[in-house]
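Just so it is clear, the values below take in all heavy atoms, side chains as well, and ignore hydrogens, waters and symmetry mates. The chains referred to below are lettered A, B, ... by the order of the sequence lines, with proteins before strands, and numbering in each begins at 1.
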Protein chains: 2
Amino acid sequence: MHANLISHISKYIELDECSIEVINKYFKPTDYKKKEFLLQEGQVCKSLHFVEKGCLRMYFINNKTTEQITQFAMENWWITDFFSFLDKKPSPYFIQTVENSHILSIDSVSYDAMLQELPLMERYFRIIMQRTVAASQLRVKYMYELSKEEFYLHFCNSFPQFIQRVPQYMIASYLGLTPEYVSELRKKNLS
Amino acid sequence: MHANLISHISKYIELDECSIEVINKYFKPTDYKKKEFLLQEGQVCKSLHFVEKGCLRMYFINNKTTEQITQFAMENWWITDFFSFLDKKPSPYFIQTVENSHILSIDSVSYDAMLQELPLMERYFRIIMQRTVAASQLRVKYMYELSKEEFYLHFCNSFPQFIQRVPQYMIASYLGLTPEYVSELRKKNLS
DNA sequence: GCTATTTCTTAAACCAGCTTAATATTTTTG
DNA sequence: CAAAAATATTAAGCTGGTTTAAGAAATAGC
């Protein structure tokens with residue numbers, strides 16, 4: 001049960017049978033169909049989510065009209081609106097499945113309780129959060145360093161699995177481009 | 001000794017006298033004059049730095065010519081190139097003082113040793129890293145949501161202390177604007 | 001205080017990427 | 001399979017913000 005989660009955690013800390021059981025008990029598994037919402041604008045983001053299988057996107061509504069995607073999450077990725085999750089403030093984000101997905105969720109009360117019961121998990125999450133900070137430093141660097149065309153090409157090379165699984169207009173949104181411009185870039189760079 | 005650091009950690013975890021001594025022993029204090037470097041491009045970023053007093057900036061060189069600032073750090077902020085620090089890879093960044101500064105640094109070996117000796121610190125850094133992730137989610141949201149003019153005005157309102165202490169062209173760089181455009185915005189929005 | 005250096009301003013020409021609007025293609029659903 | 005919905009393309013016109021180049025003002029060093 002929760003095979004991907006347990007094997008992911010095991011990469012960073014030593015887990016005995018007993019700890020595995022404790023972890024399994026704190027996470028609530030849910031199956032979602034494509035386009036179901038885990039969070040909607042205005043709600044407090046009550047849970048931290050782990051993607052066992054599938055794909056999620058997080059987005060907000062820009063100028064009251066367009067969806068601006070800020071994050072994707074696939075297998076073995078964590079996702080939440082941390083501000084909302086930590087401070088219990090209403091979130092400006094939607095979190096929605098892009099495909100049918102199997103998600104493990106832990107609400108903030110359980111999260112604190114789990115960290116209390118199993119202090120080893122402090123270490124796991126410290127390491128995961130550090131890696132997340134590293135990744136976001138890199139993302140910001142690319143945003144400042146690359147033109148939008150270069151940013152798009154770099155993304156295609158770095159994450160080819162996304163191109164397969166996520167519609168082009170969502171990738172455009174995530175990169176801060178218009179779908180029309182991505183279309184132009186594809187034409188230019190394919191032929 | 002290390003008064004700001006200890007009081008910052010105490011906000012998140014309970015520290016007894018003994019733990020305080022352990023922490024103090026792991027951090028190396030250094031005074032830097034304005035414009036001294038803590039890290040230069042090509043070096044491995046060996047330490048995680050805490051600003052007791054002063055101001056740092058982190059930047060890289062864009063198109064081999066212009067300095068692109070990605071982060072500032074003032075009193076009670078942590079700064080490092082996490083990719084370089086964690087994976088011991090050469091860094092593309094410079095970390096430099098903007099003012100005379102008093103900095104506490106811990107290299108990665110000492111960091112691991114401290115976390116071993118004082119597992120409570122896993123919790124402190126887990127919490128700090130979570131807050132850092134929250135802040136960077138918010139930063140990316142603003143980058144996508146606001147025009148460059150709005151982004152500049154928002155920054156001025158949110159961090160007035162920066163406007164006092166950091167030259168305008170560095171703020172322009174941090175926000176991804178040209179200094180010329182910031183000049184134009186000031187003129188437009190002041191009068 | 002004087003000089004050099006750093007920082008800031010002004011203004012005109014320019015362009016990467018957006019907007020708009022219409023059409024075409026692909027996928028989903030009954 | 002047919003119709004509807006979702007996704008992708010094309011092309012022309014436009015604009016927010018950059019580039020370039022010069023000079024002005026402020027700050028720091030001696």
Considering only side-chain heavy atoms of B/Arg186, which listed nucleotide, C/dT7, C/dT9, D/dA11, is closest?
C/dT9
Check whether any side-chain nitrogen or oxygen of B/Gln168 sits under 4.0 Å from OP1 or OP2 of D/dA26, and answer yes or no.
no
Please work out whether the ring planes of B/Phe159 and B/Phe155 are parallel, tilted or perpendicular, with thresholds of 30° and 60°.
tilted
Between atom CD in B/Glu99 and atom C1' in D/dA28, what is the gap in whole Å?
15 Å
Nearest to the B/Lys35 side chain among C/dT10, D/dA8, C/dT6, which nucleotide is it?
C/dT6
Salt bridge present between B/Glu99 and B/Lys34 (N-O < 4.0 angstrom):
no
In whole Å, what is the span from the NZ atom of A/Lys188 to the P atom of C/dG17?
8 Å
Would you mind reading off the distance between A/Phe151 atom CZ and C/dC18 atom C1', rounded to a whole angstrom?
17 Å
Can you tell me how far C1' of D/dT27 sits from CZ of B/Arg165, to the nearest Å?
18 Å
Take the protein atom CG of B/Asn100 and the nucleotide atom P of D/dT27, then report the distance between them rounded to whole Å.
17 Å
Specify the separation, in whole Å, of atom OH of A/Tyr152 and atom C1' of C/dC18.
17 Å
A/Ser105 side chain to A/Ser47 main-chain N or O, any donor-acceptor pair under 3.5 Å?
no
Selection from D/dA28, D/dT10, D/dT9 that lies nearest to any side-chain heavy atom of B/Lys34
D/dA28
Before giving the answer on salt bridge (charged side-chain N to carboxylate O under 4.0 Å, His left out), spell out for A/Glu75 and A/Arg165 the whole-Å C-alpha distance, their side-chain angles and the decisive distance to 0.1 Å.
CA-CA 12 Å; A/Glu75 285 77 14; A/Arg165 287 169 67 175; 3.0 Å; yes
Can you give me the N/O atom pairs linking the protein to nucleotides 13-22 of chain D at distances under 3.5 Å, or say none if there are none?
unit_1	atom_1	unit_2	atom_2	d
D/dG17	OP1	B/Lys148	N	2.8
D/dG17	OP2	B/Tyr181	OH	2.9
D/dT18	OP1	B/Gly176	O	3.3
D/dT18	OP2	B/Thr178	OG1	3.3

Parallel, tilted or perpendicular: which one describes the rings of A/Phe125 and A/Tyr111, with boundaries at 30° and 60°?
perpendicular
Nearest of D/dT10, C/dT7, D/dT9 to any side-chain atom of A/Lys187?
D/dT10
Non-hydrogen side-chain atoms of B/Arg57 and B/Ile95 separated by less than 4.5 Å
no
Determine yes or no for a side-chain-to-main-chain donor-acceptor pair under 3.5 angstrom, with A/Thr80 supplying the side chain and A/His49 the backbone.
no
Here the distance between atom P of D/dA6 and atom CE of A/Met170, to the nearest Å, is 11 Å
B/Tyr169 OH to D/dT27 C1', in whole Å, measures 12 Å
